[in-house]
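By convention in this document, chain letters (A, B, ...) are assigned in the order of the sequence lines, proteins followed by strands, and residues within each chain are numbered from 1.
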Amino acid sequence: MIKELEKAYQPQDIEKRIYKIWEKSGYFNPDKLPGKRKQIFSIAMPPPNVTGELHLGHATAITLEDIMARYHRMAGDKTLYLPGTDHAGISTQVMVERLISKSGLSKHKLGRVEFIKRVWDWKKKYGSRITEQIRQLGASCDWSREHFTMDPTLTKAVQAAFIKMFNDGLIYRGKRIVNWCPRCSSALSDLEVKHQETSSKLWYLKYPLFGSTKYLIVATTRPETMLGDTAVAVNPNDKRYKSYINTKALLPITNREVPIIADKRVDMNFGTGAVKVTPAHDHLDYEIAQDHKLEIINVIGPDNRMTKQAGEFYGQSVQDARHNILKRLEQEELLDNTVDYIHNLARCERCSAPIEPLISEQWFVRIDKLAKPAIKAVKSGKIKIIPARYEKVYFHWMNNIKDWCISRQLWWGHQIPVWYCGQQYEASKKIMGFHKDVVPQVCAGKIKTYRLRDHGFKPGDKISFESSQTGKIFGIGTITSIKRVTVGAIQLDDPAHGTTYKKRSGLIAAFKRHHPDQSINDDTKVFIYTYIFNPSAKTEGCGEIIAAVGQPKKCPKCKQTNHIRRDPDTLDTWFSSGLWTFSTLGWPEKTQDLKTYHPTTVMETGWDILFFWVARMIMMSQYFMKEVPFKYIYLHGLVLDRHGKKMSKSKGTGVDPIPMMEKYGTDAIRLSLILGTSPGQDFRLYEEKIASYRNFINKLWNVSRFILSQDAAPPKKLAINSTADQWIVSRLQQLINSTTENINHHRFSEAGLALYDFLWHELADWYIEITKTEKNISVLYYVLEYFLKLTHPLIPYVTEEIWMRWKGEARSNMLMIQPWPQADKKFIDKKIEKNFFLLKDFTVVVRNFRAKHKIPAGEKIHVYYWGPQSSLINDNSEIIKLLAKIESLNNEQQKKLTGSLPGLDYYIDWQQDNKQKDKEVEKISKYIQKLEGKLSNKEFTKKAPKQVVEQEKAKLAEQQEKLQKLL
RNA sequence: GGGUCUGUAGCUCAGUUGGUUAGAGCGUACGAUUCACAUUCGUAAGGUCAUAGGUUCAACUCCUAUCAGACCCACCA
């Protein structure tokens with residue numbers, strides 16, 4: 001059936017319909033593709049945040065990936081484009097936290113289990129939104145293989161990976177200084193910290209010298225950390241302080257003695273040249289402390305409050321402590337000076353809270369053994385980075401990489417598959433020995449709260465809860481920002497963060513969940529005996545750390561059964577995404593998919609996550625798979641707004657791809673993200689640009705409309721009749737070659753621009769215009785068919801739609817799986833191509849003449865132009881230009897040329913335009929001068945390749961002749 | 001402090017390994033258009049390819065320096 005094509009392309013309905021047809025066809029699944037396919041092409045989609053919205057970064061990535069996938073599918077490869085989404089630990093958790101805070105809730109109020117449930121709800125509700133948007137973009141990915149990083153199969157892979165690395169000694173637990181986000185209550189990796197210029201003050205503090213009346217002045221932006229100072233450091237080459245080295249200073253307020261040490265890392269030119277050393281709260285100070293074996297005093301807790309070690313400032317917020325300490329120093333006349341100062345403040349990448357470096361026990365990946373093979377993979381060329389300059393960046397980063405902190409004190413993520421036998425949570429102080437008297441009250445709906453601080457607990461302490469009835473541990477946790485624990489109002493899974501069950505029914509329900517073996521009804525007295533243990537002392541449990549998927553029944557070391565509990569922390573999101581290329585294919589099982597599609601062919605992503613993700617995938621794949629995860633890394637640039645700034649939602653400078661797709665069509669968006677861009681290079685996008693590509697899509701639509709609306713049915717055989725026919729068919733062959741070449745070399749922009757140019761400025765503007773009166777339908781159909789195939793990877797919707805409306809032919813196979821065109825050499829004729837350009841010029845002359853003299857379209861124009869002696873050749877520079885070219889043809893070609901211009905009996909009359917002529921003369925003279933200069937240069941004639949010299953000579957002769965005619 | 005990138009027409013950007021008189025889109029000016037397309041067509045104006053040196057027969061392209069801008073990394077308290 002032939003449907004009439006609408007006057008203008010209307011993408012909205014078409015796109016939805018076409019995508020359904022594609023998806024239903026099953027061809028997105030490589031197993032269902034027709035024909036024998038030996039070559040494999042596989043590409044894993046970088047999983048977007050499951051709860052996120054599609055932005056232009058995704059759109060760029062997906063367009064590029066889809067171009068490759070569609071091209072390779074047509075080129076006969078077994079093509080897998082594997083989609084998925086990421087649970088995105090911190091950012092999702094922060095988002096849900098913000099959301100629930102609107103209704104006055106917090107994650108602590110909800111408790112871990114309920115909070116995670118909320119996140120899953122959120123995921124279920126919005127997780128399909130992003131995949132719908134990916135579909136809208138036309139992504140030809142195999143949805144039957146879609147994965148989510150928290151799917152059971154991927155969780156299995158994450159656990160297997162962790163356990164193997166742990167058993168191999170590549171993962172260790174250690175007390176180190178880490179980046180702590182007080183708002184997220186979690187440690188962060190170095191990469192998740194962003195530095196931002198912040199105006200602050202620099203305070204100069206006087207530290208009295210021990211046994212002297214003199215002072216040493218140190219400069220600091222954080223006076224509150226002085227309570228944790230354990231040294232003052234100076235540069236060993238600093239003459240001012242040489243005599244102080246190895247003496248002692250007296251710390252103000254606390255009057256603690258601290259050594260004055262020498263360390264090269266101290267910058268003599270900054271501040272006073274003397275620096276206070278606070279190992280617990282500064283990365284550099286921590287390093288210095290390691291080398292000098294200094295004491296480490298933690299004065300700030302994970303809740304951003306001063307710890308017990310801070311003495312009289314205990315419990316104060318950092319801000320208050322700073323204020324109070326400065327006040328004290330001022331009173332004691334130990335504050336020397338205060339100046340304004342702008343410094344780079346470390347902030348949490350996700351929530352922007354200032355980072356507090358502190359000492360904490362965390363899990364780390366030992367990176368040196370992983371980095372070496374990962375460096376080698378790129379150095380040896382097994383992985384190629386496009387553009388290559390990023391290899392340098394990659395090597396630099398890999399060579400300086402530090403151990404990777406992978407534990408997060410978050411709830412949303414893969415819980416670390418590690419079990420402890422006691423130790424970390426051993427009981428010492430039963431602060432509320434449970435209190436049989438509390439229980440009835442609880443059951444009666446009364447709630448009693450205990451201030452943790454009153455019982456000697458401080459934030460950061462690990463606590464565990466245990467039922468005295470069953471001896472079972474309900475949970476363990478870290479005291480973070482809460483100040484009190486409400487007994488009997490505790491969510492059993494996570495007592496540390498206490499949820500309030502205001503009603504007895506809630507408590508009973510919780511009890512039932514945790515003690516399913518006990519029969520219970522509403523009248524039953526509920527006995528929940530809870531103990532809170534202080535971790536600092538020891539009792540039972542041997543301290544064994546066991547990495548295992550499920551809870552071990554007994555400790556393999558001490559054989560005890562009662563003290564095994566799980567680490568509450570979760571893993572860094574990037575740990576699970578690091579496994580992405582193989583975990584999505586079934587690893588650790590040895591699946592057929594894994595065998596077939598790994599290593600993947602290309603990884604396509606923005607350069608901004610080269611370190612976050614790409615580098616880690618390489619390390620993990622080298623380690624687990626003993627092979628590279630992908631052969632090419634294509635890094636696209638970031639999309640900027642019209643002023644070249646990063647798009648920002650809050651500033652409203654962003655372009656949202658969804659309404660743009662609806663307004664201009666997906667194909668137009670796809671082109672606007674690809675054309676005129678180059679890999680690794682950021683580019684600007686704005687609506688006008690998209691509109692111009694929409695115009696192109698419409699142009700293609702109308703060209704097709706023109707061709708398909710011809711009366712005749714599409715001929716089966718190609719018949720070439722005229723110069724114009726020869727020209728366009730020859731150009732098409734070259735286009736096939738260049739497009740294939742360009743896509744193979746990942747030059748998508750160039751491929752697209754060439755296609756754009758061909759369709760618009762060769763086919764539409766010239767071929768169709770010139771042959772309108774004598775159409776060659778076979779050529780029109782031939783060119784259109786091939787053009788649709790060539791552009792399909794870039795603009796799949798419009799091409800498929802035109803393909804389906806092909807005239808007079810039942811199309812059982814969709815364009816998506818048509819074989820990729822091969823150029824037919826016999827049609828390539830560069831001479832014809834050149835001749836046709838003359839024809840074009842000539843046509844322009846005629847057209848302009850017609851316009852100038854307002855000659856109606858039906859009227860014939862006569863153009864005299866022949867021969868250099870013609871009196872008509874005097875003035876019009878365009879004609880002169882044209883003649884100069886035409887005269888280089890022989891007579892036969894001239895005939896051919898004129899013969900192919902139907903309706904033109906030549907006559908042109910024109911008015912003198914000396915200005916034009918002068919300009920032309922000047923231009924040609926200048927060029928001649930240049931050529932003469934070149935040819936008279938002996939070096940040139942001697943050394944340049946013969947061909948080049950001949951070329952230049954010919955050019956000179958040509959130009960001289962041209963000039964003569966002009967004058 | 002170390003590193004990367006960018007500087008080409010009024011604006012946004014292409015220019016593949018050095019080799020025709022440096023290109024496109026948008027914008028501007030003038031003109032065209034019943035017969036696929038006003039989401040159209042033609043023509044024109046507009047560039048010492050940031051600046052200064054160097055290598056080469058030949059440089060937008062390679063090298064060096066300078067200027068301007070963007071970004072990344074890093075332990076400036």
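Checking B:C37, B:A77, B:A74 against the side-chain heavy atoms of A:Asn344 singles out B:A74 as nearest. Distance from the side chain of A:Tyr756 is smallest for B:G25 among the nucleotides B:C76, B:A36, B:G25. Relative to the side chain of A:Asp267, the nucleotides B:A77, B:U4, B:U39 differ in distance, and B:A77 lies closest. Distance from the side chain of A:Ile768 is smallest for B:A36 among the nucleotides B:U39, B:C76, B:A36.
Taking atom P in both B:C35 and B:G25, the straight-line distance is 23 Å, to the nearest Å. The separation of B:A9 from B:A22, taken at their P atoms, amounts to 14 Å, rounded to a whole angstrom. With C1' as the reference atom, B:U6 and B:A44 are 31 Å apart, rounded to whole Å. The C1' atoms of B:U4 and B:U43 are separated by 43 Å, rounded to the nearest whole Å. Rounded to whole Å, the separation between the C1' atoms of B:C11 and B:A58 comes to 33 Å. Atom name C1', nucleotides B:G7 and B:U12: the rounded distance is 14 Å, in whole Å. For the C1' atoms, the distance from B:C76 to B:C13 is 39 Å, rounded to whole Å. B:G15 and B:U61 have their C1' atoms separated by 9 Å, given to the nearest Å.
Phosphate proximity of B:U39 to A:Asn702: absent, as no side-chain N or O sits under 4.0 Å from OP1 or OP2. Between A:Tyr341 and B:A77 there is a side-chain polar atom (N or O) within less than 4.0 angstrom of OP1 or OP2.
If you check every strand for non-hydrogen atoms under 4.0 Å, A:Lys194 touches sugar and phosphate atoms only. If you check every strand for non-hydrogen atoms under 4.0 Å, A:Ala691 touches nothing. Within 4.0 Å of A:Arg694, counting heavy atoms only, lies at least one base atom of the nucleic acid. Residue A:Val703 is classed as a base contact, given a heavy-atom separation below 4.0 Å to a base. As judged by a 4.0 angstrom heavy-atom cut-off over every strand, A:Asp282 is placed among residues making no nucleic acid contact.
The nearest whole Å value for the distance from the OH atom in A:Tyr693 to the C1' atom in B:G25 is 6 Å. The separation between A:Leu956 atom CG and B:U21 atom P is 12 Å, rounded to whole Å. For the pair A:Trp397 CH2 and B:C71 P, the computed distance is 21 Å after rounding to whole Å. The interatomic distance linking A:Ile288 (CD1) with B:C76 (C1') rounds to 11 Å, in whole Å. A straight line from CG of A:Asn400 to C1' of B:C72 spans 13 Å, rounded to a whole angstrom. We find that CZ of A:Phe706 is positioned 12 Å from P of B:C35, with the value rounded to whole Å. Rounded to an integer number of Å, the gap from OH of A:Tyr9 to C1' of B:A36 is 17 Å. Regarding A:Ile401, its CD1 atom lies at a distance of 13 Å from the P atom of B:C75, rounded to whole Å.
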## Note on the structure
Secondary structure of RNA chain B per the Watson-Crick/G-U criterion (both distances under 3.5 Å; [ ] crossing, | other strand, . unpaired) is (((((((..((((.....[...)))).((((((....).))))).....(((((..]....))))))))))))....
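Taking the six-membered ring wherever Trp is involved, the centroid distance between the rings of A:Tyr9 and A:Tyr797 does not fall below 6.0 Å.
A:Val193 is not listed as a side-chain neighbour of A:Glu349, based on a closest heavy-atom distance of 4.5 Å or more. A 4.5 Å side-chain heavy-atom check between A:Ile802 and A:Leu708 finds at least one atom pair inside the cut-off. At least one side-chain heavy atom of A:Lys689 sits less than 4.5 Å from a side-chain heavy atom of A:Tyr686.
A:Glu801 and A:Arg805 are joined by a salt bridge, as a carboxylate oxygen and a charged side-chain nitrogen come within less than 4.0 angstrom of each other. A salt bridge is absent between A:Asp190 and A:Lys402: the closest approach of a Lys/Arg side-chain nitrogen to an acidic carboxylate oxygen does not fall below 4.0 angstrom. Residues A:Glu687 and A:Arg694 are not paired through a salt bridge, judged by the lack of any N-O separation under 4.0 Å between the basic side chain and the carboxylate.
Counted within 6.0 Å of NZ on A:Lys194, heavy atoms from surrounding residues, nucleotides or ligands total more than 12; the atom is thus considered enclosed.
Residue pairs meeting the salt bridge (charged side-chain N to carboxylate O under 4.0 Å, His left out) criterion with at least one member in residues 272-292 of chain A, sequence neighbours excluded, are A:Asp229-A:Lys276, A:Arg265-A:Glu287, A:Arg265-A:Asp291.
Across the interface with RNA chain B, nearest-nucleotide mapping of A:Leu763 and A:Lys402 shows A:Leu763 to be the residue nearer the 5′ end. Residue whose closest nucleotide on RNA chain B sits further toward the 5' end, between A:Lys938 and A:Lys699: A:Lys699.
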### Task
Test side chain to side chain contact (heavy atoms under 4.5 Å, CB included) on A:Arg670 and A:Leu794 and set out the steps.
CA-CA 7 Å; A:Arg670 287 172 63 117; A:Leu794 286 99; 5.8 Å; no
### Query
Run the ring pair (Phe, Tyr, Trp, His ring centres under 6.0 Å) check on A:Phe611 and A:Phe395 step by step: do they pass?
CA-CA 11 Å; A:Phe611 305 138; A:Phe395 291 135; over 10 Å; no
### Message
Does the protein touch nucleotides 11-19 of chain B at the base, only the backbone, or not at all? Give it as B, S and - per nucleotide, heavy atoms under 4.0 Å.
### Response
-SSS-B--B
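Remark: side-chain polar atoms of A:Asn702 are paired, donor with acceptor, to backbone N or O of A:Asn698 under 3.5 angstrom.
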